[in-house]
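Taking it in order: structure first as structure tokens, then the write-up.
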Amino acid sequence: MTEQFTPPPARGCANTPVLKERGQHEVFCGLTGIIWLHRKMQDAFFLVVGSRTCAHLLQSAAGVMIFAEPRFATAILEETDLAGMADAQQELDRVVSELLARRPDIKQLFLVGSCPSEVIKLDLAKAAERMSAQFAPNVRVLSYSGSGIETTFTQGEDACLAAMVPVLPQTEARELLLVGALPDVVEEQAVGLLEAMGIGPIRVLPASHINDEYGIGSNTFYALTQPFLTDTHEALQRRGAQHIAAPFPFGEEGTTQWLRAIADQFGVSEAKFAEVTDAPRARARKAVAQASEAIKGKSVFFFPDSQLEIPLARFLTRECGMEAVEVGAPFIHKAVMSSDLNLLSEGPVIAEGQDVDKQLDRCRAARPDLTVCGLGLANPLEAEGLTTKWAIELVFTPVHFYEQAGDLAGLFSRPVRRRDLLKLEAAE
Ligand code: SF4
């Protein structure tokens with residue numbers, strides 16, 4: 001391919017001092033991860049051990065999906081459990097036995113901790129161990145925390161995958177592992193491109209069925225597809241697996257560099273790499289150029305939400321011509337994020353954590369052309385005349401790799417175009 005990337009910045013953000021804030025948060029808890037995880041893992045069931053609040057959160061986040069016999073539910077802690085009058089472990093055993101008797105299709109069960117279960121110190125790890133022994137070999141029972149005290153939004157997926165890593169068998173096979181729950185069509189594209197380069201065998205975590213699982217060992221090479229999988233990354237390191245560091249596969253550049261890092265690890269030639277990627281790269285460039293016309297030269301401000309913020313700021317500044325004012329993320333894991341931070345030109349404030357009032361003041365002072373934030377802030381900021389993009393869509397919409405690069409740029413340019421159209425109509 002003759003067209004090259006924009007050269008990397010002379011000074012990236014890797015050494016920019018991070019503004020660390022602690023205060024009021026406007027974010028989801030990790031339970032929301034269940035919404036996309038249960039669709040991906042088709043023989044798994046997620047049993048939240050929590051309160052009515054947790055059940056309401058899942059119902060409202062899942063929308064119409066709750067009518068389709070989903071594979072998640074909440075075991076609601078009643079007052080007798082909270083007051084210590086009932087043996088919560090026994091109650092849980094009863095609920096799980098009933099559930100598994102009714103649903104023989106369940107092959108893996110996740111007990112998901114919540115704020116109330118953590119506050120009363122209900123030991124779900126112990127419960128999972130006991131139930132695994134009881135229901136083996138038909139059902140595997142694991143536990144993780146999705147509570148708001150411990151996890152923010154996408155960290156729920158991280159906690160779930162990290163819980164699976166220690167129970168996968170040992171292997172010495174040289175395999176590529178793609179880590180992160182991607183929509184099926186996106187996953188197929190990634191696997192297709194890598195296989196076309198002759199790379200294999202390729203495994204994915206999470207696998208769609210327990211029977212598709214594989215081993216992990218020192219010859220497992222893994223690439224993360226999502227930036228929030230930091231505990232999973234550390235769990236894989238503990239098993240001796242080797243991380244392929246790369247920018248995350250958003251946009252044409254991110255996807256090419258991500259594929260390049262894997263191709264180098266597996267000894268793919270330049271010619272083969274070009275043969276496989278030239279056409280989709282050209283398509284992606286064209287689509288991004290078209291979709292980003294409305295946002296070129298405009299400024300963007302990210303509130304923390306999903307940990308996708310830094311790679312997306314890199315995509316918007318380098319491929320769509322935007323200028324980043326502030327890039328806020330709930331957590332910044334330097335080792336996982338360094339490839340993206342190196343490509344993000346020095347300039348924006350890099351913020352970790354949140355003190356929402358202070359951040360709102362900075363946002364109002366900067367008056368960015370586009371503010372990426374959660375639903376709780378979006379409408380109030382729109383009412384103040386700021387244009388917003390709901391961050392949650394970036395997690396639920398297929399946005400990775402070449403074929404989605406134009407759609408990704410479109411997600412950011414749509415609110416800007418709509419605002420321009422409304423202004424025009426108002427002027428008429
Ligand atoms: S886990 Fe905590 S933050 Fe999440 S819904 Fe339940 S009570 Fe609320």
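Whatever order the structure lists ligands and atoms in, that order sets their numbers, starting from 1.
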Quiz prompt | Under-4.0 Å salt bridge between Arg364 and Asp361 | solution =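 Answer for the salt bridge query: yes.
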
Quiz prompt | Lys/Arg N to Asp/Glu carboxylate O, Asp93 vs Arg130, below 4.0 Å | solution =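 A salt bridge links Asp93 with Arg130.
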
Quiz item: Where do Asp305 and Glu309 come nearest, in terms of heavy atoms and distance?
Solution: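 For Asp305 versus Glu309, the nearest heavy atoms are N-OE2, 2.6 Å.
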
Exercise. Locate the shortest heavy-atom distance separating Pro249 from Thr255; write the atom from each residue and the value.
Key: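 It is O-OG1, 3.5 Å.
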
Self-check item: For Gly148, atoms of ligand 1 separated by under 4.0 Å from a heavy atom
Solution: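 Once the distances to Gly148 are compared, the set is 1 (S), 2 (Fe), 3 (S).
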
Quiz item: Just which atoms of ligand 1 are under 4.0 Å from any heavy atom in Ser114?
Solution: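 Matching atoms, with element in brackets: 1 (S).
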
Quiz item: Does Tyr402 have Arg281 sitting over its ring (NZ/CZ under 6.0 Å from centre, angle to axis within 45°)?
Solution: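 The answer is no, since Arg281 fails at least one limit relative to Tyr402.
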
Quiz item: Does the cation-pi check pass for Arg362 over Phe301, that is, NZ or CZ under 6.0 Å from the six-membered ring centre and within 45° of its axis?
Solution: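 Ring-cation test returns no.
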
Specify the protein heavy atom at minimum distance from [atom]: its residue, its atom name, and the distance to 0.1 Å.
atom: atom 2 (Fe) of ligand 1; value: Cys115 SG, 2.3 Å
atom: atom 8 (Fe) of ligand 1; value: Thr53 CG2, 4.0 Å
atom: atom 4 (Fe) of ligand 1; value: Cys29 SG, 2.4 Å

Quiz item: Would Ser147 count as a contact of ligand 1 if the rule is a heavy atom under 4.0 Å away?
Solution: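 Flag set, Ser147 near ligand 1.
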
Quiz item: Hey, is there an N, O or S on Cys54 sitting under 2.8 Å from atom 6 (Fe) of ligand 1?
Solution: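 Yes, since at least one N, O or S atom of Cys54 sits under 2.8 Å from atom 6 (Fe) of ligand 1.
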
